[in-house]
Chemist: 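Before I ask anything, here is the structure I am working with.
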Amino acid sequence: MKKTLLLAALLGATAFSAQAGNLRIGLESDPDALDPDKSRTFVGRIVFTSLCDKLFDITPELEIVPQLATASTTSDDGKTMTLTLREGVTFHDGTPFDAEAVKANIERSKTFDESVRKSELTSIETIDVVDDLTVRFNLSAPDAPLIAQLADRSGMMMAPSALSPEFSNAPVCSGPFKYVERVAQDKIVLEKYEDYWNADAIDLDGVTYTIIPDSTVRLANLQSGDIDIVNQLAATDAEAVRNAKGISFANITGLGYQGLTFNLANGEMAQTPLGQDAKVRKAFDLALDRAAISQVVFDGLFQPASQPFSPSSPYYNPDFPPVERDIEAAKALLAEAGVAVPLKVKIQVPNTPVTMQLVQVIQSMVAEAGFEVEIIAKEFATLLNDADVGDFQISQQGWSGRIDPDGNIHQFVTTGAGFNDGQYSNAEIDSLLNEARTVSDPAKRVELYQKAAAIYSEDRPLLYLYHLAWLYGIDDKVQGLTLYPDGMLRLEGVSVAD
Amino acid sequence: MLRFFLRRLLVAIPTIILISIFVFMLQKLLPGDPVLAMAGEDRDPETLARLRAKYRLNDPLFVQYWTWITGVLQGDFGNSIRTGEPIAKLIGQKLPVTLQLAAMSMFFATLIGIPMGIISAVKKGTKTDFAANVVALSGLSIPNFWLGIMMILLVSVHWQLLPASGYVPPTEDLGQSLRTMLMPAFVLGTGLAAALMRHTRSAMLEVLRQDYVRTARAKGLIERRVVLKHAFRNALTPIVTLLALLFGELVAGAVLTEQIFTIPGFGKLIVDAVFNRDYAVVQGVVLVTAFGFILMNLLADMAYMLLNPRLRKN
C-alpha cells in the first residue's frame, strides 16, 4: 500500500506545472562564460539579449536603433563618434549607467587579457567623458562596422562595480532581466529587473534557459510542456511541429550561411586541379542543385545561396542569385581545364548527421559532372584545426553571420585573415574590402561590396550553399514574440498565458 | 581488516599516477586545438596566441603535467578553459548527481536482476526460465539511447506523466528529484539488470548442484530457506564482483543516459569537455572516476571477507 502511494505521489501531478509569467527556453548547448568580453558562443548571445543591454540594437529589418545610447554622431572625417546616453538607466545592483560606465566597459574590452572583443574595437584609441550622459570615441581611422559591433557584445554594458575577471560568476548588467543562478550544463535562471528603463515592455516575471543538446529531446520537452520555446529546431522536425496541437512552428532567414571552402594555397593539399584552377571550381559549383539540397536535407526551409549576405540584409546582392545547376556546362569546363575524369576530391565535414547528409547529397550531384568525392567526417574541433593548418581540399564550414556586411566577408577572403583557411589572396579584394570598412555612406559601401563580389564570385575561394534559417517550435501560450534575423530572442512584449 | 584496507589503498597509488599520466598524454594526442575550439567563431591570431600563453599550452608537456599534478595534490584541479569555473567546484557539483543516478540505477538493477536470476535458476528449463532469459537478452541488446528516447516519447510526451528531461537536486525538492531521475535510472538500470540476472542465474545453478544443498533439502528444510539462506549466500561472491565491475559500466552508461535526459552530471561534463578540448576538466574527471573505480573494487574485496569467513583468517 505504501509503495502504491509513493508511486502515485511520484506520478501523480503532471510533469511540471507551468509558472505564470515565466518563460522557459530550450537551448541546444551550454553557453560559455557569461561575460560579454569573454563570450564566444551563439547561445551565450541569446542569454545576453535578456541580461545585458547594449549601446545599440537592431530592428527585424537590420536597421541600427538606440538602446542605451539614444543618439550618435560621427564627425565629417569619420574619426570621432559621439554618443548621447539614455537618462535614468541603472544596473541590476542599482548603480547608475553613465558616460564613466561606458568608458570603463570599452576600456576593459580593449585591455582585459581574456577579452576576445579586442579586434572589434581596435579603431577606438581614446575615450572622452564629455559629461554624465555624453561620451566621445576618438578613432584611429573611420570605422563603418563599429556601430554594428556596439549593437552586439562589444556594446554590452556591465556594471563597473562588478567588473572583475570573475564577472561571469555573477554578471551584473542593465538588461530587462537580472541574473539569479546558473547550473553548468543544466540551466540559467533570470528574473525581471523591476527598475529596468523599459520595464513597461516586459510582461514576464522571469526566464529560464534550459540546456538540451539532443534535438529530439528538446522537441519532446516542448511537447510535454516542460519548455515553451525550442531554439534551433531540427528542419526535419518542422512538419511534426506544424501538425501538433498546442505548439507552432516559426522560422526566419538568418544572417549566416553554410558553404564549402577550397584549399587554394594552404600547404601541399592545395596542389590539386580544384585548388589551382578556378574553372574546376566553377564546374563543381555548376554541378550543385542548391534547391534540391535544401529540399532533401532541410525540408526546403533553407534558402539557396551564392553569396555571403543574407536576403534580409540591405547588402544582399541581387546580381548573384543562387547558381543554377548545369551539368553539361560543368562537364565542358572540366574538359576545357584538361583534367582527367573522374577527378578525385576530398571533402572534410563535421561528423553530425545533418552535415553528413548534406555532403552525401553533394557527392551524388557532382558525381554526374565527373567528380569522385571522398567524404572525410571529422569531429568539429579536429575539423577546425585541420582547416587552420591546411589539411583539407574542401572543407564544409559555415558562419553564423553578423549584422554588418564586413563581418560576413572580410575575414574569409582577405589576405592572411583569421578565417581564410584556403589562403585565398587577391590584392584587389583586399583593397576594396578594406576601403569598405572606412566608408560610412551605405550606398558607397554597397558599391564596394558589389565590386568585390564580382571578383570573388569568379575566383570562387569558397562556395556558398544556403543561408541559415532560425527554426523554432513555440508553445501557443507564448504570445508577442517577434523573430529577428540575428537569431536572438528579444523578450520585449512577450507574455506567457496561463 | 583496516590494515588490509590501507595496504590495498597504498597499492592503488601507483595505479592512479599511471592513469593520470596516461590520460594526460592521451589527450595531447587528440587532434584539435583547445584554443581553436574555444575561440569558435572569433578566431583572430592575436587572441589565439594570447589564450595559448594564458593556459600555458606552449610549455613542454612534462612541465604542463607537473603544474597540473602538483595542483591536484593540493586539491586544485585548475579552472575550466571554457567557462572559467574551478574544476573542483564542477566535480563537487556533478558528482552527487551521477552518484544519485548510479544509486537509483543500481537499485533498479538489483531489484530486477537478482530475483529474476534466482527464479530462473530455480525454475531452470521451464517457461519461466525461458521468459526471464528473453527479457534479460532484450535488456542487454536494446541500446540505452533508443530506450531512453522511446520512454521520453511515451511517458513524457504521450502520457505526460514524468518530466522529459532535466534535473532537480534532492535537497531542493525530493519528490521532483525522484520523478526526474526515475526514467534515466530505469533506462540505465535495465541494461545492468540483464547482466546481473545472467550472472545470478549461473552462480545459483552452480551452487544448487552442491552436496550441501542436497543435504539441506534432505534435512527437510523448506525450499525457500534452502534457496535464499543456503544457496544464495554462497552464490553472492561472484555477484558482488560483478557489482563492483558494473560500477565502471554505470559511469560509461551514465555518459549516454545523461546526454539523452540532459542530466548535468559527470558523464555530460566529460563529453562536453572532450568536445571542447577542455583538457583540465577531462583530466580531473577521469582521475576522480578512476579513483572511484579502484575504491569500488576495494570495497568489493572487503565485502568478500564479510561474506566468506574463511578469507578473514588469512
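Note on naming: letters A, B, ... go to the chains in the order of the sequence lines (proteins, then strands), and numbering restarts at 1 for each one. Treat the numbers as computed from the prediction; the structure is a model and nothing was measured.
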Chemist: Closer than 3.5 angstrom, by distance alone: can the side chain of A:Asp186 be matched with the main-chain N or O of B:Pro264 as a donor-acceptor pair?
Modeler: no

Chemist: Can any side-chain N or O of A:Gln185 pair as donor or acceptor with the backbone N or O of B:Lys268 at less than 3.5 Å?
Modeler: yes

Chemist: So which part of A:Ile211 gets closer than 4.5 Å to some heavy atom of chain B, the side chain, the backbone, both or neither?
Modeler: backbone

Chemist: Nearest heavy-atom pair of A:Ser224 and B:Ser156: which atoms, and what distance?
Modeler: CB-O, 3.2 Å

Chemist: Looking at every non-hydrogen atom in both residues, tell me the closest pair between B:Arg277 and A:Glu379 and how far apart they are.
Modeler: NH2-OE1, 2.5 Å

Chemist: Side chain from CB out, backbone as N, CA, C, O: work out which of these in A:Asp386 comes under 4.5 Å of a heavy atom of chain B, or both, or neither.
Modeler: neither

Chemist: Can you tell me how far the CG atom of A:Asp226 sits from the CD atom of B:Gln160, to the nearest 0.5 Å?
Modeler: 8.0 Å

Chemist: Please flag which part of A:Pro165 lies under 4.5 Å from any non-hydrogen atom of chain B: side chain, backbone, both or neither.
Modeler: neither

Chemist: Indicate yes or no: at least one non-hydrogen side-chain atom of B:Ile152 is less than 4.5 angstrom from one of A:Val217.
Modeler: yes

Chemist: Relative to chain B, which segment of A:Thr210 carries a heavy atom at a distance below 4.5 Å: side chain, backbone, both, or neither?
Modeler: neither

Chemist: Taking A:Asp30, A:Thr382, A:Leu383 one by one, which has the highest count of heavy-atom pairs under 4.5 Å against chain B?
Modeler: A:Thr382

Chemist: Kindly check if the number of other-residue, nucleotide or ligand heavy atoms within 6.0 Å of OH (B:Tyr65) is above 12?
Modeler: yes

Chemist: Please flag which part of B:Ile263 lies under 4.5 Å from any non-hydrogen atom of chain A: side chain, backbone, both or neither.
Modeler: neither

Chemist: Within the distance-only criterion (no hydrogens, no angle test), does the side chain of A:Lys187 pair as donor or acceptor with the backbone N or O of B:Tyr167 below 3.5 angstrom?
Modeler: no

Chemist: Check whether more than 12 heavy atoms from other residues, nucleotides or ligands sit under 6.0 Å from atom CZ of B:Phe186, and answer yes or no.
Modeler: no

Chemist: Side chain, backbone, both or neither: which part of A:Ser29 has a non-hydrogen atom closer than 4.5 Å to chain B?
Modeler: neither

Chemist: Please enumerate all residues that pass side-chain contact (heavy atoms from CB on, under 4.5 Å) together with B:Val255, with sequence neighbours excluded.
Modeler: B:Ile270, B:Val271

Chemist: Can you tell me how far the CD1 atom of A:Ile212 sits from the CZ atom of B:Phe261, to the nearest 0.5 Å?
Modeler: 12.5 Å

Chemist: So do B:Ser165 and A:Asn221 actually touch side chain to side chain, heavy atoms under 4.5 Å?
Modeler: yes

Chemist: Taking the basic N atoms (NZ, or NE/NH1/NH2) and the acidic carboxylate oxygens, is any pair closer than 4.0 Å for A:Arg182 and B:Glu85?
Modeler: no

Chemist: For the interface with chain A, which of B:Val157, B:Ile149, B:Ile260 has the highest count of heavy-atom pairs at distances below 4.5 Å?
Modeler: B:Val157

